[in-house]
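Right, one structure below, let's go through it.
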Amino acid sequence: MAVILESKAVCKYFGGLKAVNNVDMKVEQGQIFGIIGPNGAGKTTFFNLCSGTYKVTSGQILFDGRDITNLPPEEVAKLGIVRTFQNIKLFKYLSVLENVKVGCHIHTRTNVLDALLHTPRYRQDEEYATQQAAKVLEEVGLTEYKDWKAGNLPYGLQRKVEIARALAANPKILLLDEPAAGMNPAETWSLLEFIQRINKSGHTIVVIEHDMKFVMNLCDYIMVLSFGEKICEGTPDVVKNDKKVQEAYFGRGTIQKSNER
């Protein structure tokens with residue numbers, strides 16, 4: 001498969017802190033690619049570099065064969081990299097449909113004056129956003145909730161709506177930052193199936209997650225970070241049996257004691 005997102009020796013330093021150090025990554029089109037690691041490993045910082053939120057200290061980021069290193073976030077999003085965040089950022093008093101419509105506006109041309117005067121361009125963009133949002137909700141199975149206020153939905157459904165809003169921007173690749181955080185087991189499993197459904201519809205997905213069981217059941221390929229550096233990559237079976245990964249999560253002493261028994 002073709003490589004859609006690639007980092008080459010990417011570094012991000014905050015003064016003397018090496019938050020991300022010399023990380024190489026290749027995400028193939030159609031994959032569900034996982035990025036894992038202990039707290040403070042540099043996972044979200046790396047996401048922020050890929051999405052343009054942070055500037056790269058050194059190295060290169062390529063998307064679909066194009067150098068996007070240090071492009072502004074809005075330009076990265078327009079090219080097709082869209083992300084969600086650890087904390088759900090829905091407009092709680094707007095309907096589900098209205099929330100998802102927000103994701104469409106990255107591809108509209110309406111300005112403030114158009115909105116105030118309800119110009120033909122405004123009406124055309126609003127019609128496009130409504131149709132696109134309704135289409136996305138149907139594709140992901142959330143149509144029945146389109147008129148609900150987002151804040152009235154259960155937590156697991158709110159997360160799905162946030163992902164649907166990202167999909168409304170018509171991304172080529174979707175970056176999910178700890179989507180299962182705060183979920184109970186039933187919600188987590190439902191989210192896993194939801195992401196698999198999105199992937200099967202043709203979306204490449206990169207996911208950061210602490211829940212190891214979730215990642216191992218979801219991802220085709222996994223990269224492991226520890227203290228900002230890549231320590232392992234491979235299939236779920238390769239990663240879960242890697243000694244460096246076990247030491248990063250459980251500590252070297254714990255692993256040694258376990259092997260001595």
Side-chain angles (χ1 to χ4, degrees), residues 44 47-48 50-53 72-112 114-116 118 121-184 186-209:
T44 296
F47 251 29
N48 288 335
C50 292
S51 63
T53 307
E74 60 272 18
E75 292 299 320
V76 173
K78 285 180 180 178
L79 288 173
I81 300 178
V82 179
R83 66 168 296 182
T84 65
F85 295 84
Q86 292 181 27
N87 298 319
I88 294 176
K89 297 180 180 292
L90 295 177
F91 298 100
K92 296 185 181 295
Y93 296 103
L94 296 182
S95 71
V96 167
L97 181 66
E98 289 168 330
N99 268 277
V100 177
K101 281 174 64 176
V102 171
C104 303
H105 289 297
I106 194 171
H107 297 301
T108 59
R109 300 168 297 151
T110 297
N111 57 36
V112 174
D114 289 322
L116 288 173
H118 280 225
R121 180 163 60 181
Y122 167 82
R123 292 194 297 270
Q124 183 180 14
D125 282 345
E126 279 298 295
E127 183 179 355
Y128 159 76
T130 300
Q131 291 177 352
Q132 176 70 359
K135 178 183 175 183
V136 169
L137 288 173
E138 183 177 359
E139 288 176 349
V140 300
L142 295 175
T143 300
E144 64 182 292
Y145 302 104
K146 67 183 180 66
D147 296 321
W148 284 48
K149 282 188 177 180
N152 292 339
L153 292 173
Y155 182 83
L157 280 174
Q158 288 190 34
R159 179 65 78 183
K160 291 178 181 179
V161 171
E162 185 180 43
I163 294 173
R165 183 173 62 187
L167 289 173
N170 198 26
K172 294 181 181 177
I173 188 167
L174 188 60
L175 309 182
L176 305 179
D177 192 351
E178 298 204 29
M183 290 189 179
N184 62 42
E187 289 173 331
T188 299
W189 188 256
S190 178
L191 178 68
L192 184 146
E193 293 178 331
F194 183 76
I195 295 172
Q196 288 175 330
R197 179 175 178 175
I198 293 169
N199 176 248
K200 288 176 182 176
S201 71
H203 290 90
T204 304
I205 296 170
V206 183
V207 57
I208 290 173
E209 187 52 62

Q) Can you tell me if Glu209 uses its side chain to pair, donor with acceptor, with the backbone of Ala180 under 3.5 Å? A) yes
**Q.** Under 3.5 Å: donor-acceptor pair, side chain of Asn48, backbone of Thr53
**A.** no
Q: Indicate yes or no: at least one non-hydrogen side-chain atom of Leu157 is less than 4.5 angstrom from one of Lys160.
A: yes
Q.
Does any part of the side chain of Leu191, heavy atoms only, come nearer than 4.5 Å to the side chain of Ile163, both counted from C-beta?
A. yes
Might you point out which heavy atoms bring [X] and [Y] nearest each other, and give the distance in Å?
X      : Y      : answer
Ala133 : Cys104 : N-SG, 4.1 Å
Ala164 : Val136 : O-CG1, 3.5 Å
Phe91  : Ala150 : O-CB, 3.8 Å
Ile88  : Glu162 : CA-OE2, 3.7 Å
Val140 : Ile198 : CG1-CG1, 4.3 Å

Enter the distance from [X]:[atom1] to [Y]:[atom2] here, rounded to the nearest 0.5 Å.
X      : Y      : atom1 : atom2 : answer
Phe85  : Ile208 : CZ    : CD1   : 11.0 Å
Asp147 : Glu98  : CG    : CD    : 9.0 Å
Leu153 : Asn99  : CG    : CG    : 9.0 Å
Lys146 : Leu137 : NZ    : CG    : 9.0 Å
Arg159 : Thr188 : CZ    : OG1   : 10.5 Å
Ile173 : His203 : CD1   : NE2   : 11.0 Å

**Q.** Residue of the set Val206, Thr204, Val76 for which side-chain contact (heavy atoms from CB on, under 4.5 Å) holds with Ile81
**A.** Val76
Q) With sequence neighbours left out, which residue pairs that include part of residues 130-142 fulfil the side-chain hydrogen bond (donor to acceptor under 3.5 Å, both in side chains) condition? A) Lys101-Thr130, Glu127-Gln131
Q: Sequence neighbours left out, what pairs pass salt bridge (Lys or Arg N to Asp or Glu O under 4.0 Å) with at least one residue falling in residues 188-205?
A: none
(Q) Can you pull out every salt bridge (Lys or Arg N to Asp or Glu O under 4.0 Å) where at least one residue sits in residues 79-91? Sequence neighbours excluded, please. (A) Arg83-Asp177
Q.
Tell me whether the count of non-hydrogen atoms from other residues, nucleotides or ligands lying under 6.0 Å of CZ in Phe194 goes above 12.
A. yes
Q) Excluding sequence neighbours, so at least two apart, what forms salt bridge (Lys or Arg N to Asp or Glu O under 4.0 Å) with Arg165? A) none
**Q.** Pairing residues for Lys172 by the side-chain contact (heavy atoms from CB on, under 4.5 Å) criterion, not counting sequence neighbours
**A.** Ile4, Phe63, Asp64
**Q.** With Pro72 via side-chain contact (heavy atoms from CB on, under 4.5 Å) - residues at least two apart
**A.** Glu74, Glu75
